[in-house]
Amino acid sequence: DIVYVTGNKTLKLTSENILHSFFKGEPHGMYVPLTALSLSINNFFSGMNPAPYLYTNLFLHILTVIFCFIFLKMLFKDDWIAFVASLLFAIHPAQAEVVAYTSGRRDVMYALFFIISLIFYLKYIQNNYNKKQLIFSLVFFALSLLSKSQALLMPIVLLAIDKMYQRKVFSKEVLKEKIGFISLCILFGIISIIVKQHSEGFAISREDLDVPIYHRIIYAFYGLSMYIVNVFVPYKLSLIHPYPNNDIPLIAWVSVIPASLFIIWSGYKFYKKPDLSQFGIIFFILMIILMLQLFPNSY
């Protein structure tokens, strides 16, 4: 919160700071202009009183849960499955922790717009490919990217939905639908890199950047394994999980085999028989890839 709020010199709601967020990014090296704008609005009305910031997070999280229910109901055609899964999403510590600190705003905002974008894409497929629904999906995808760059994997998620609905994933028609999404990914990817390189306080140490690639791969497999474990047993959760400063622990080495087998098995099963359960696993893997720190990130 020191980085995003209390120590953020561009927090005040001014036209200069808004333009800075949208055209230059944040001083801490992240391109999250919509998130920054929402925090500035909080600051305008409540100063440094933390309660309104957290109430806003909670409100956005509740909205996300509601749209999560709608999305799952459209997928499964079953109210109870949608309710139970949405309830788990609402209260699971690994997800709900972002509500409990102010700068978690980027996560709740990006997730909200991301799920709404998916809803419109499902409507597009289920309603005889109404182009208006595709445009709405693209708009909310852009809002998600403006909240956090983790939304960059949206085109792959959409292709997974296409596969589940037995569409010809690599046909000209299906790929043509993704041009807008891919273009936004390229644009925001370039912007994010530029912002990080020119930020005043890029929050990555030289040591982190010098971590050998094979270390990063091993830690990525370990991270995937721990995400799966924390789904069922949420323990030792932390706001920040830095790279270890010493040798790779044995448990990280051991995690490589089961994690890689899990990815291969899931991909093969989904490719051969793309049902809802396999889609859920693929969706889970895709949505945490950028969190596995193959490339060290800032805060």
Side-chain angles (χ1 to χ4, degrees), residues 18-26 29-38 64 67 71 74-75 105-199 202 267 270-271 274 279 282-292 294-295 297-298:
I18 293 172
L19 290 174
H20 190 283
S21 291
F22 276 89
F23 292 100
K24 294 184 178 180
E26 302 306 304
M30 295 288 280
Y31 187 70
V32 288
L34 206 56
T35 298
L37 178 60
S38 73
T64 306
F67 283 110
F71 173 64
M74 292 175 68
L75 274 180
R105 177 73 55 82
R106 64 193 187 278
D107 293 277
V108 290
M109 286 189 66
Y110 124 80
L112 173 62
F113 295 129
F114 194 93
I115 291 177
I116 294 175
S117 177
L118 290 179
I119 289 172
F120 278 113
Y121 190 76
L122 280 183
K123 285 186 175 182
Y124 168 71
I125 292 177
Q126 295 175 358
N127 296 333
N128 297 318
Y129 307 107
N130 186 326
K131 294 295 183 182
K132 184 168 68 174
Q133 307 296 340
L134 187 64
I135 293 172
F136 281 135
S137 179
L138 187 63
V139 169
F140 280 99
F141 172 51
L143 294 176
S144 185
L145 285 169
L146 288 168
S147 303
K148 189 180 182 184
S149 59
Q150 191 177 346
L152 284 169
L153 289 174
M154 172 69 87
I156 303 177
V157 175
L158 297 184
L159 289 175
I161 292 176
D162 291 329
K163 179 69 175 175
M164 187 181 61
Y165 278 88
Q166 298 182 341
R167 303 183 72 198
K168 294 181 179 179
V169 173
F170 296 108
S171 68
K172 184 180 295 186
E173 179 184 355
V174 171
L175 293 177
K176 185 179 178 181
E177 299 167 353
K178 309 302 182 295
I179 291 176
F181 294 92
I182 295 172
S183 299
L184 283 177
C185 284
I186 295 172
L187 174 63
F188 277 84
I190 293 172
I191 290 173
S192 296
I193 292 171
I194 293 174
V195 168
K196 287 182 186 297
Q197 290 178 339
H198 293 86
S199 65
F202 189 33
F270 185 71
Y271 175 77
F279 171 77
I282 293 297
F283 184 87
F284 175 83
I285 293 172
L286 288 175
M287 296 315 301
I288 63 173
I289 284 178
L290 294 181
M291 304 301 293
L292 298 180
L294 272 171
F295 302 97
N297 205 343
S298 59

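- Across Y31 and S21, no two heavy atoms sit closer than the pair CE1-O, 3.4 Å.
- Within a 6.0 Å radius of CG in N127, more than 12 heavy atoms belonging to other residues, nucleotides or ligands are found.
- Here CG of L146 is found 8.5 Å from CD1 of I191. Values are rounded to the nearest 0.5 Å.
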For residues 116-125, run the donor-acceptor check on the side chains, cut-off 3.5 Å, and write out each pair with its distance to 0.1 Å, sequence neighbours left out.
residue: S117; atom: OG; partner: S137; partner atom: O; Å: 2.7
residue: S117; atom: OG; partner: S137; partner atom: OG; Å: 3.1
residue: Y121; atom: OH; partner: D162; partner atom: OD1; Å: 2.6
residue: Y121; atom: OH; partner: D162; partner atom: OD2; Å: 3.0
residue: Y121; atom: OH; partner: R167; partner atom: NH1; Å: 3.3
residue: Y121; atom: OH; partner: E177; partner atom: OE1; Å: 3.4
residue: Y121; atom: OH; partner: K178; partner atom: NZ; Å: 2.8
residue: Y124; atom: OH; partner: E177; partner atom: OE2; Å: 2.7

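- Q166 CD to M164 CE: the interatomic distance, rounded to the nearest 0.5 Å, is 10.0 Å.
- Shortest non-hydrogen contact noted between I115 and F67 is CG2-O, 3.6 Å.
- The shortest non-hydrogen separation linking L184 to L138 is CD1-CD1, 3.6 Å.
- M287 approaches M291 most closely through the heavy-atom pair O-CG, 4.4 Å.
- Here the side chain of H20 pairs no donor or acceptor atom with the backbone of E26 at under 3.5 angstrom.
- Note that the CG atom of D107 and the CD atom of Q150 stand 7.0 Å from one another [nearest 0.5 Å].
- Among F113, Y110, F181, the single residue meeting the ring pair (Phe, Tyr, Trp, His ring centres under 6.0 Å) criterion with F141 is F181.
- No donor-acceptor pair closer than 3.5 Å links the side chain of Y165 to the backbone N or O of A160.
- L134 contributes atom CG, which lies 8.5 Å from atom CG of L158 (distance to the nearest 0.5 angstrom).
- Side-chain N or O atoms of S147 include none that pairs as donor or acceptor with a backbone N or O of T35 at under 3.5 Å.
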### Task
Give the C-alpha distance, both sets of side-chain angles, the deciding distance and a yes or no for side chain to side chain contact (heavy atoms under 4.5 Å, CB included) between M109 and S38.
CA-CA 9 Å; M109 286 189 66; S38 73; 3.4 Å; yes
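- Taking OG from S171 and NZ from K176, the interatomic distance works out to 11.5 Å, rounded to the nearest 0.5 Å.
- Residues passing the side-chain hydrogen bond (donor to acceptor under 3.5 Å, both in side chains) test with K163: none are found, sequence neighbours excluded.
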